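Just so you know, these numbers come straight off a predicted model, no measurement behind them.
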Amino acid sequence: MRAFIKIMTVLLLCSVFFISCIKHKESDYHSVIEKIEAESKHYKGTSISSEEYIAEKDLIEVTEGDKTFLIPERKKHLTMYECTECHAKPLAEMRDPDVLLPRSHWDIEIVHGDAKTMNCLTCHSGANMNNLHSLTGEAISFNKSYQVCAQCHTSQFKDWKGGAHGKNISGWAPPRAINSCVNCHNPHQPKFNKRWPDVFNVHKELQRK
């Protein structure tokens, strides 16, 4: 009798576990994301994908924590790259007043954070201009410049990884592609300029008709 009860108990537990794994109602999903992922795999007999929207774009894959997604390739599109073509020496040596060197971008104005703590070398490596660097001196590729931003803008970085901050390049279906920080913000002056809201122009609308 005890053996029978044990067998029935095991069968009952297995049935409950199996039924709980079957997704057939709204209440069976633990989150909206889980529902989207489950139902978009074979939506109306076909798989949903954003590949056609990003086929022509130059993107690279990055992984941050548990998130893997695509961002625009930046490094090879920098017109002044490679920086060491001009910055052949460490910045400390190039500052020597006895050495006359051409000045190409000394006109860049930095309006980013406190002037007492932010300057060129906060983000750019003085020893190797082909890289950015972290506050601890670790080299960071221009392709992953968002890692520099993330050191101070932690909440924005978390939202950006999750999709709540920034602009998607593709649709919401995978593969996910999103603009990086510098695709929207000027790193030297990241704050957007104020603009008046667009006003609906009745006259132009009538002319179009």
Side-chain angles (χ1 to χ4, degrees), residues 54 57-170 172 175-198:
I54 60 175
K57 298 188 180 296
D58 190 7
L59 304 170
I60 59 171
E61 184 178 271
V62 296
T63 298
E64 291 294 332
D66 60 344
K67 307 291 185 183
T68 298
F69 48 95
L70 302 168
I71 61 172
E73 159 75 46
R74 182 171 181 238
K75 191 172 179 179
K76 69 183 182 183
H77 296 296
L78 294 174
T79 56
M80 296 297 291
Y81 203 83
E82 283 194 357
C83 303
T84 49
E85 291 179 7
C86 298
H87 295 272
K89 298 180 180 179
L91 192 61
E93 294 181 31
M94 296 178 71
R95 280 177 168 170
D96 187 342
D98 296 328
V99 179
L100 297 176
L101 295 168
R103 297 187 175 191
S104 60
H105 40 231
W106 291 95
D107 58 335
I108 292 178
E109 183 183 3
I110 299 176
V111 185
H112 190 169
D114 192 328
K116 294 180 181 178
T117 57
M118 292 287 291
N119 61 25
C120 304
L121 294 181
T122 306
C123 302
H124 293 273
S125 172
N128 180 3
M129 289 291 181
N130 287 345
N131 287 313
L132 302 167
H133 69 161
S134 69
L135 295 174
T136 57
E138 182 180 349
I140 296 176
S141 167
F142 275 95
N143 275 339
K144 295 187 176 182
S145 58
Y146 61 83
Q147 292 179 345
V148 177
C149 309
Q151 296 175 113
C152 299
H153 304 284
T154 52
S155 60
Q156 290 90 338
F157 177 62
K158 183 179 179 181
D159 291 343
W160 176 73
K161 287 193 301 179
H165 185 109
K167 183 179 180 182
N168 273 359
I169 298 172
S170 63
W172 284 102
R176 179 180 170 230
I178 188 170
N179 275 323
S180 190
C181 308
V182 293
N183 295 118
C184 297
H185 297 273
N186 177 343
H188 304 120
Q189 299 186 31
K191 188 176 181 179
F192 292 124
N193 293 326
K194 291 182 180 179
R195 295 178 58 187
W196 286 100
D198 286 336

*Asks:* Between the main-chain N or O of E109 and the side-chain N or O of Q189, is there a donor-acceptor pair closer than 3.5 Å?
*Replies:* yes
*Asks:* Are the side chains of N179 and P72 in contact, using a 4.5 Å heavy-atom criterion?
*Replies:*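 The answer is yes; the side chains approach within 4.5 Å.
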*Asks:* If you count every heavy atom of other residues, nucleotides or ligands that lies below 6.0 Å from E138 atom CD, does the total exceed 12?
*Replies:* no
*Asks:* Please examine the side chains of H77 and D58, heavy atoms only from C-beta on, and report whether any two atoms are closer than 4.5 Å.
*Replies:* yes
*Asks:* Are the side chains of Q151 and S134 in touch, meaning some heavy atoms are under 4.5 Å apart?
*Replies:*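 Yes - at least one pair of side-chain heavy atoms lies under 4.5 Å apart.
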*Asks:* Is the side chain of H133 donor-acceptor paired with the backbone N or O of L121 at a distance under 3.5 Å, no angle test?
*Replies:*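 Yes.
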*Asks:* Are the side chain of N143 and the backbone of E73 linked by a donor-acceptor contact shorter than 3.5 Å?
*Replies:* no
*Asks:* Between F192 and H185, is the ring centre distance below 6.0 Å?
*Replies:* yes
*Asks:* Is there a side-chain contact between L59 and I169 in this structure, where contact means two heavy atoms from C-beta onward sitting under 4.5 Å apart?
*Replies:* yes
*Asks:* Can you name the residues that form a ring-ring contact (aromatic ring centres under 6.0 Å, His included) with H153, not counting sequence neighbours?
*Replies:* none
*Asks:* Got a sec, which residues hit side chain to side chain donor-acceptor pair (under 3.5 Å) with S141, two or more places apart in sequence or on another chain?
*Replies:* none
*Asks:* Has E64 got a side-chain atom pairing as donor or acceptor with K161's backbone, closer than 3.5 angstrom?
*Replies:*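 Flag not set: sc E64 to bb K161 has no pair under 3.5 Å.
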*Asks:* For residues S145 and R74, determine if any side-chain heavy atom of one lies less than 4.5 Å from a side-chain heavy atom of the other.
*Replies:*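 Counting from C-beta outward, S145 and R74 do come under 4.5 Å.
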*Asks:* Indicate the ring-plane relationship of F69 and W160, choosing parallel, tilted or perpendicular according to the 30° and 60° boundaries.
*Replies:* perpendicular
*Asks:* For C120 and I110, work out which heavy atoms get closest and say how close.
*Replies:* N-CD1, 3.7 Å
*Asks:* Evaluate the side-chain proximity of I71 to I178: yes if any heavy-atom separation is below 4.5 Å, no if none is.
*Replies:* yes
*Asks:* Under a 4.5 Å cut-off applied to non-hydrogen side-chain atoms, are V62 and K144 in contact?
*Replies:*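 Result yes, sub-4.5 Å side-chain heavy-atom pair found.
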*Asks:* What's the shortest heavy-atom distance between S170 and A177, and which atoms?
*Replies:*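 Smallest interatomic distance, heavy atoms only, reads OG-N, 3.2 Å.
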*Asks:* Could you tell me whether the side chain of T122 and the main chain of T117 form a donor-acceptor pair under 3.5 Å?
*Replies:*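 A pair under 3.5 Å: yes.
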*Asks:* Would you name the heavy atoms of A139 and N131 that are closest together and state the gap between them?
*Replies:*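 A139 and N131 have their closest heavy atoms at CB-ND2, 4.2 Å.
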*Asks:* Quick check for you: to the nearest 0.5 Å, what is the distance between C184 atom SG and H165 atom NE2?
*Replies:* 7.5 Å
*Asks:* If the plane angle is over 60° it's perpendicular, under 30° parallel, otherwise tilted; pick one for F142 and H124.
*Replies:* tilted
*Asks:* Rounded to the nearest 0.5 Å, what separates atom CG in L135 from atom SG in C123?
*Replies:*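 Those atoms lie 8.0 Å apart.
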*Asks:* Could you check whether atom CG of D114 has more than 12 heavy atoms from other residues, nucleotides or ligands sitting under 6.0 Å from it?
*Replies:* yes
